[in-house]
Amino acid sequence: MLIFEKQWVMQWLQTVNQQTTFYLKQSIIRNETGARIEVNFHIQLAQIIRETKYLDAMGFQVPEFPLSVTLQSDSYQSNVESLQNMLEHYQSVINMMTPIEAKLLGARIKKLQHVLDPGFLHLNWNALGIPDFVTNCTKAINAFKALISQVQSNAANMENAIAGIARSKLVGISPNHEENDILDMLEFYENFEYERQLVVDGALKQYRGIPPLLKKVEDVVVGTNSGTSLVFAEYYSFWELKIFKALNEMVLKSMNGLQTLFRDSVLKKGSTGKRNHARLFRVVCFLNHPDVVVQPSLTEITKMLANMVRSILDSVRPFVRWMDGTCLETPPQSAGEDEQPFIYSFYSEVSVNPKIIKAMFTLNSSIQKASAGIYK
């Protein structure tokens, strides 16, 4: 064993200066392809420091260079820990972003990465400027984090507005079981339209509150608030698609609500166990031999119920689409001297949604069945 130890020590002494120099000259951070940025303090350098410490304690004649490096081990350890903490902070901030935010802030991310460049290119473990490098990087990371927080704060407000649109219930009336409280057809329809318009106005207010929020984000990211930034074109489209989905959800849920309203307007069990009618509006029927006369007429009833269905879909007409690459509403388009200007709204897209088309078909079928049942 003694011979082996002497051979090992002799070999170690022959290579330790060269290896120590090599590892100290490596960059302080590294980033392998597709990997996280890591501290580049080689494991072999840590091993040399430990071996030097033990050999010196055992009385071996250790070269001055590795011995001086070993005496600075606390400084190296401190630098490694501060670099690790800084890089973990950097990664946590990068991970805060959603994919669309990462695209939006691409230029700012590159700017942040440039702050890290000295750690890849210039600084090695002989450098005295590592603490200053960590300080500069931490300052840049905190500034970038503050930027993300501003972007995400406005994004959260936009999400809330869009969720409010999706939750909007365009059908706010319910069947009536009390004989004395039943409305006539016109009153029922006016109440339906009044409630629907209130909900549409509220949703429209939320919709029109989104572009100002996008302009705030634009201001903090690129320093403009025009709503037409080329950098933001994809970001504008991202939010417009969310609005489109919310409007589809609003219409589809409302149509399902109207279907439920029609379905509830049939024989139902009351609290006494007897079956009674849940009524939408009053219809007067009397016999004028040989015919049964209905007031309002069956045609008027069918037309009114069909208008209710159509008005739900028409609720998206005021939601004007944005001009391509912007968050600004498209101006009315001239359609000719004798024609009304064309308003480019979400109606064109929502109206061709297969689920909404199916819901309208189901509703119209229910109307036909209900109308036919009046004579039974």
Query raised in the report: Can you check whether Q18 reaches F65 side chain to side chain, under 4.5 Å on heavy atoms?
Result: no
Query - Separation between CZ of R310 and CG of L363, rounded to the nearest 0.5 Å - result: 12.5 Å
Query - Note, V350 side chain near F319 side chain (heavy atom, < 4.5 Å) - result: no
Requested in this report: Is it possible for you to say whether L247 and L241 belong to one hydrophobic cluster, with membership spreading through side-chain heavy-atom contacts below 4.5 Å?
Outcome: yes
Query - Residues clustered with L198, ILVMFWY side-chain links under 4.5 angstrom - result: Y194
Query raised in the report: Given side chains that start at C-beta, do those of S229 and Y236 come closer than 4.5 Å, heavy atoms only?
Result: yes
Report task. Ignoring hydrogens and angles, state whether a donor on the side chain of Y207 or E329 is under 3.5 Å from an acceptor on the partner side chain. Result -> no
Query raised in the report: Quick one: do L71 and V69 end up in the same hydrophobic cluster if we chain Ile, Leu, Val, Met, Phe, Trp and Tyr together by side-chain heavy atoms under 4.5 Å apart?
Result: no
Acceptor/donor pairs from residues 82-89 side chains to any protein atom, 3.5 angstrom cut, sequence neighbours excluded:
unit_1	atom_1	unit_2	atom_2	d
S82	OG	S78	O	3.2
S82	OG	N79	O	2.9
N85	ND2	E81	O	3.2
H89	NE2	N142	OD1	2.8

Query raised in the report: Is there a side-chain contact between R321 and E240 (heavy atoms, below 4.5 Å)?
Result: yes
Report task. Hey, can you tell me if F238 and Y235 have their rings parallel, tilted or perpendicular (30° and 60° cut-offs)? Result -> parallel
Query raised in the report: Mind checking whether P332 and Q340 have side chains closer than 4.5 Å, heavy atoms only?
Result: no
Report task. Output yes when E193 and R196 qualify as a salt bridge under the 4.0 Å nitrogen-oxygen rule, no when they do not. Result -> yes
Report task. Only pairs at least two apart or in different chains count here, so list each ring pair (Phe, Tyr, Trp, His ring centres under 6.0 Å) that has a residue in residues 341-366. Result -> none
Query raised in the report: So do the side chains of S345 and V316 get within less than 4.5 Å of each other, counting heavy atoms only?
Result: no
Query - Closest approach of S311 to S315 (non-hydrogen atoms, all atoms of both residues) - result: O-OG, 2.9 Å
Query raised in the report: Do V309 and L305 come close enough that some side-chain heavy atom pair is under 4.5 Å?
Result: no
Query raised in the report: Do I94 and V115 sit in the same hydrophobic cluster, where Ile, Leu, Val, Met, Phe, Trp and Tyr count as joined when their side-chain heavy atoms come under 4.5 Å apart?
Result: no
Query raised in the report: Should F22 and I43 be counted in the same cluster of Ile, Leu, Val, Met, Phe, Trp and Tyr side chains packed under 4.5 Å apart?
Result: no
**Report entry** Inter- and intrachain pairs under salt bridge (charged side-chain N to carboxylate O under 4.0 Å, His left out), touching residues 99-123, at least two apart
**Finding:** K103-E234
Query raised in the report: What pairs meet the salt bridge (charged side-chain N to carboxylate O under 4.0 Å, His left out) rule with one or both residues in residues 152-167, with sequence neighbours excluded?
Result: E159-K242
Query raised in the report: Side chains of E195 and V199: does their closest heavy-atom pair fall under 4.5 Å?
Result: no
Atom pairs and distances, donor-acceptor, side-chain atoms in residues 124-133, under 3.5 Å, two or more places apart:
unit_1	atom_1	unit_2	atom_2	d
N124	OD1	N126	N	2.8
N124	OD1	A127	N	3.4
W125	NE1	N40	O	3.1

